[in-house]
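Everything below concerns the one structure shown next.
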2 protein chains.
Amino acid sequence: MKRLQSRGTLAVGTSSKLIDLAAVKVACQNCSLARLCLPLGLDGNDLDRLDRIIKRRRPVRRGEHLFQAGDPFHCLYAVRSGSIKTYTPTEDGREQIVGFYLSGELLGLDAIESQHHVCAGKALETTSVCEVPYDRLAELSNSLPSLHRQIWRLMSREISHEQGMLLILGKRSADERLAAFLISLSERFLQRGFSGREFNLSMSRHDIANYLGLAVETVSRMFSRFQEQGLLRVERRHVALEDIERLRSLVGLEAGEAPVRYS
Amino acid sequence: MKRLQSRGTLAVGTSSKLIDLAAVKVACQNCSLARLCLPLGLDGNDLDRLDRIIKRRRPVRRGEHLFQAGDPFHCLYAVRSGSIKTYTPTEDGREQIVGFYLSGELLGLDAIESQHHVCAGKALETTSVCEVPYDRLAELSNSLPSLHRQIWRLMSREISHEQGMLLILGKRSADERLAAFLISLSERFLQRGFSGREFNLSMSRHDIANYLGLAVETVSRMFSRFQEQGLLRVERRHVALEDIERLRSLVGLEAGEAPVRYS
DNA sequence: CGCAATATTGACCACTCTCAATGAGGGTGG
DNA sequence: CCACCCTCATTGAGAGTGGTCAATATTGCG
């Protein structure tokens, strides 16, 4: 396996722009929100109207915040390339990561009700996002019912996804958690046209551990054990899944079963 | 402390109809969805239109399912009185409870995206609910933008709430989890016009343990310890919080602080 | 009245955390 | 270009929180 890139920029982030364009297949080439809206069949004209309210934004560098916890809520963010983690700071100065967002995913939905961001959003690598001003989105969707319901669907998906995480944190052991996490990433990379077998993690062991409710050392040990067992090969942040079926069965998924409810 | 009720029907469920009516204060007297929609200021006429699409339903008895995991999705459910637990069955026959819903709360939002219920919903006590047909709700909300955005808000709240649970399951110890759970219930009862100091649990120790990612025995021990420490008195399902401030500080909440992000 | 479900309590043990030491990269500055 | 530092990752040893197993109430329900 060759190292794909030297500096902080990971393979995943680097080539995603190309893939994105292929996947989106529409005029609104610069924004992943279009992909989010494809399933509902907005026509070119409507997509254009959507496109016009979206602001592009200079890329966010690794470690920079997209928004802080407590910030007033103005925009949703659609990831174009790169990846974002969202986390809630705890009163004792620690944090709980609540989500990792890859290209084409929408974040900020949790802030609508309180009109404040309760999570912070931080870039895991150089990441470009679109800002979707909430007020204008709401306004536009009044005249585009299908857009409105697409937001419902995206929020519903977020709820489902988090319920899957609740199951992982509530019932799973350390190895099952890591397996579920890797399978989830694998599926998501596959959807984006990348390899589901081999990829680079944009998050640190610390982030993974935090997300999965484990200690860093435990995650490290699990990676080592998985490697011993021939489930995968891992070197720093590069992972190659060697026996996906066995990983899936660790999570309780049979061959071909849809990965609806985890990570 | 006197036992409030003999049979399965708990005090909470029994008197909630009265309280509900007081809280709702509108013509749509039979449905808690109205309360959900009050914040957006639907006028009487619009509320009436909303009311007309809602089906009342014969009460669900303790242990009966409102819907099973895998059922096709048709309706959202608004709890009028009683309580519902939602849980996702795991492949190995166990379950993870993902939410408890009290009067005035809306459930089923997670099923919109996949058009199937991924959780099952089961009554914890005799419970009455309103069915809100999704298609008709979507249709109606096309002509009522404020309704549409209220659904956004409710879904956003659900996401926030679950993120709070992620923090609890990911970072909190057993005693902190139970404290957070009790505080959350206390706050919710208070909102409904009940006592936040003394209430009956409609869920079993098993349910609480499952929800909090603990063993039944641990929950039982924590109740006992809390009682020893003078934090509360507990007898079977009746709980009287005696030192709410100390319970709150266990969760990391200072006096008067809003309980946004837990349980 | 008796069985089944629920709850409590104790003893033991294991999974995972904490603490600690070491190693490997990556970035910076000389 | 190399030395240095700092962060990140790995690995080991010991400890502790919480799980498992088991026994015993207590209650509800048929």
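Numbers restart at 1 for each chain; the letters A, B, ... are given by sequence-line order, proteins then strands. Keep in mind that what you see is a predicted model, and the values were worked out from it rather than measured.
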Identify each atom pair where a protein N or O and an N or O of nucleotides 10-12 of chain D are less than 3.5 Å apart, giving names and distance.
{"residue": "D:dT10", "atom": "OP1", "partner": "A:Arg205", "partner atom": "NH2", "Å": "3.1"}
{"residue": "D:dT10", "atom": "OP2", "partner": "A:Arg205", "partner atom": "NE", "Å": "2.8"}
{"residue": "D:dT10", "atom": "OP2", "partner": "A:Ser220", "partner atom": "OG", "Å": "2.6"}
{"residue": "D:dT10", "atom": "O5'", "partner": "A:Ser220", "partner atom": "OG", "Å": "3.0"}
{"residue": "D:dT11", "atom": "OP2", "partner": "A:Ser224", "partner atom": "OG", "Å": "2.4"}
{"residue": "D:dG12", "atom": "N7", "partner": "A:Arg221", "partner atom": "NH1", "Å": "2.9"}
{"residue": "D:dG12", "atom": "O6", "partner": "A:Arg221", "partner atom": "NH2", "Å": "3.4"}

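OP1 or OP2 of D:dA9 lies within a sub-4.0 Å distance of a side-chain N or O belonging to A:Arg237.
Between A:Lys85 and the options A:Glu95, A:Glu64, A:Glu105, a salt bridge (Lys or Arg N to Asp or Glu O under 4.0 Å) holds for only A:Glu95.
Rounded to an integer number of Å, the gap from A:Leu124 CG to D:dC8 P is 12 Å. In this structure, the CD atom of B:Gln227 is 14 Å from the C1' atom of C:dT9, given to the nearest Å. The CZ-P distance, from B:Arg177 to D:dG18, rounds to 7 Å in whole Å. Here D:dG18 presents its P atom at 13 Å from CG of B:Leu169, a figure rounded to the nearest Å. Atoms CG (B:Leu178) and P (C:dT8) sit 11 Å apart, rounded to a whole Å. We find that CG of A:Asp207 is positioned 13 Å from C1' of D:dA9, with the value rounded to whole Å. Atom-to-atom, NZ of A:Lys171 to C1' of C:dC15 comes out at 16 Å; the value is rounded to the nearest Å. Rounded to an integer number of Å, the gap from CG of B:Leu201 to P of C:dA7 is 9 Å.
Residues that satisfy the side chain to side chain donor-acceptor pair (under 3.5 Å) test with B:Arg172, not counting sequence neighbours, are A:Glu91.
To the nearest 0.5 Å, atoms CZ (A:Arg56) and CD (A:Glu131) are separated by 11.0 Å. In this structure, OG in A:Ser81 is found 7.5 Å from CD in A:Glu125, a value given to the nearest 0.5 Å.
Residue B:Gly63 is out of contact with every strand shown, counting any heavy-atom pair closer than 4.0 Å.
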Kindly determine whether B:Tyr77 and B:Phe67 satisfy ring pair (Phe, Tyr, Trp, His ring centres under 6.0 Å), including the steps that lead there.
-> CA-CA 10 Å; B:Tyr77 299 90; B:Phe67 49 86; 5.3 Å; yes

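Aromatic rings of A:Phe199 and A:Phe194 (six-membered ring for Trp) have centroids beyond the 6.0 Å cut-off, not under it.
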